[in-house]
Amino acid sequence: MKKDRVRDYATEAFRDYALALKSSSDISEARRMDIAAVEKMLTYFADKKPCVVSAVKAVYFTDAGVPFRKKTVTHRVRDYALTAGADESSVYRWLREARCKFAEYRGLVIY
């Protein structure tokens with residue numbers, strides 16, 4: 001996966017969103033804004049490209065509370081690509097589209 005400017009932030013926001021679905025503890029305003037941006041991104045792609053939503057869920061939402069180890073994303077992308085019948089590069093492209101749309105909704109600048 002190529003590193004873009006918002007990759008790590010967006011990845012953690014996606015994982016945080018998955019955790020927030022399980023617990024409803026007090027959350028900060030910044031976290032609330034991240035969650036809202038993730039929800040808007042999921043809604044945006046739900047009709048246009050459902051493959052993006054399912055890729056995000058398979059790669060980032062799975063075991064959201066467990067820290068990533070080396071090659072975790074690579075293994076999840078491979079597994080998802082096999083089950084979805086897609087190419088790995090397509091899955092990485094879908095994940096990048098999701099991160100970029102999240103960044104747009106969150107008001108982050110991408111170059």
Side-chain angles (χ1 to χ4, degrees):
M1 175 177 5
K2 285 186 178 179
K3 187 165 184 162
D4 52 59
R5 295 177 73 92
V6 297
R7 185 193 74 180
D8 294 338
Y9 185 85
T11 299
E12 289 308 312
F14 294 156
R15 293 168 53 82
D16 193 41
Y17 174 82
L19 284 175
L21 294 177
K22 296 177 184 178
S23 67
S24 59
S25 60
D26 287 336
I27 56 175
S28 67
E29 184 62 28
R31 187 173 173 206
R32 198 172 286 126
M33 291 172 67
D34 287 347
I35 290 170
V38 172
E39 287 176 347
K40 284 177 76 173
M41 180 274 302
L42 291 172
T43 303
Y44 175 83
F45 284 116
D47 294 329
K48 296 180 187 328
K49 284 185 158 180
C51 55
V52 173
V53 175
S54 59
V56 168
K57 289 180 178 179
V59 175
Y60 296 136
F61 288 8
T62 305
D63 294 331
V66 178
F68 277 150
R69 296 184 65 196
K70 192 172 188 176
K71 304 276 185 186
T72 300
V73 172
T74 302
H75 293 296
R76 289 183 185 174
V77 166
R78 282 188 186 142
D79 290 344
Y80 177 74
L82 287 173
T83 59
D87 188 53
E88 286 180 37
S89 61
S90 295
V91 177
Y92 281 116
R93 187 176 60 252
W94 297 337
L95 294 174
R96 185 174 193 320
E97 288 177 33
R99 291 191 310 268
C100 289
K101 188 54 74 174
F102 163 80
E104 177 186 324
Y105 288 140
R106 185 61 175 88
L108 304 173
V109 179
I110 315 173
Y111 293 103

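- Listed for the R99 side chain is no donor-acceptor partner under 3.5 Å among the backbone atoms of Y9.
- The two residues A55 and W94 have their closest heavy-atom pair at CB-CE3, 4.1 Å.
- Closest approach of Y80 and V91 over heavy atoms only: CD2-CG2, 3.8 Å.
- If you take OG1 on T11 and CG on D16, they are separated by 12.0 Å, rounding to the nearest 0.5 Å.
- Residues V6 and A103 share a closest heavy-atom pair of CG2-CB, 3.9 Å.
- A search for side-chain hydrogen bond (donor to acceptor under 3.5 Å, both in side chains) contacts involving Y44 returns nothing, not counting sequence neighbours.
- Residue A98 comes nearest to F14 through the heavy atom pair O-CZ, 3.8 Å, listed as atom of the first residue, atom of the second, then distance.
- When every heavy atom of R106 is checked against every heavy atom of A30, the shortest pair comes out as NH2-O, 3.6 Å.
- In this pair, Y60 and F68 present their aromatic rings tilted. The plane angle is within the 30 to 60° band.
- Between K57 and S54, every side-chain heavy-atom pair lies at or beyond the 4.5 Å cut-off.
- The line from NZ of K71 to CZ of R78 is 7.0 Å long, rounded to the nearest 0.5 Å.
- With sequence neighbours excluded, the residues that form a ring-ring contact (aromatic ring centres under 6.0 Å, His included) with Y17 are F61.
- Taking 4.5 Å as the limit, some side-chain heavy atom of V77 sits within range of a side-chain heavy atom of L95.
- With rounding to the nearest 0.5 Å, the separation of CG in D34 from CD in E29 is 10.5 Å.
- In this structure, I35 CD1 and K40 NZ are separated by 14.5 Å, a value rounded to the nearest 0.5 Å.
- Checking side-chain atoms of T62 against main-chain N and O of V59 turns up no donor-acceptor pair under 3.5 Å.
- In this structure, the separation between SG on C51 and CD on E97 is 7.5 Å, given to the nearest 0.5 Å.
- Residues Y105 and K101 are in side-chain contact: their nearest non-hydrogen atoms beyond the backbone lie under 4.5 Å apart.
- We find the CZ-CG distance between R93 and D87 to be 8.0 Å, quoted to the nearest 0.5 Å.
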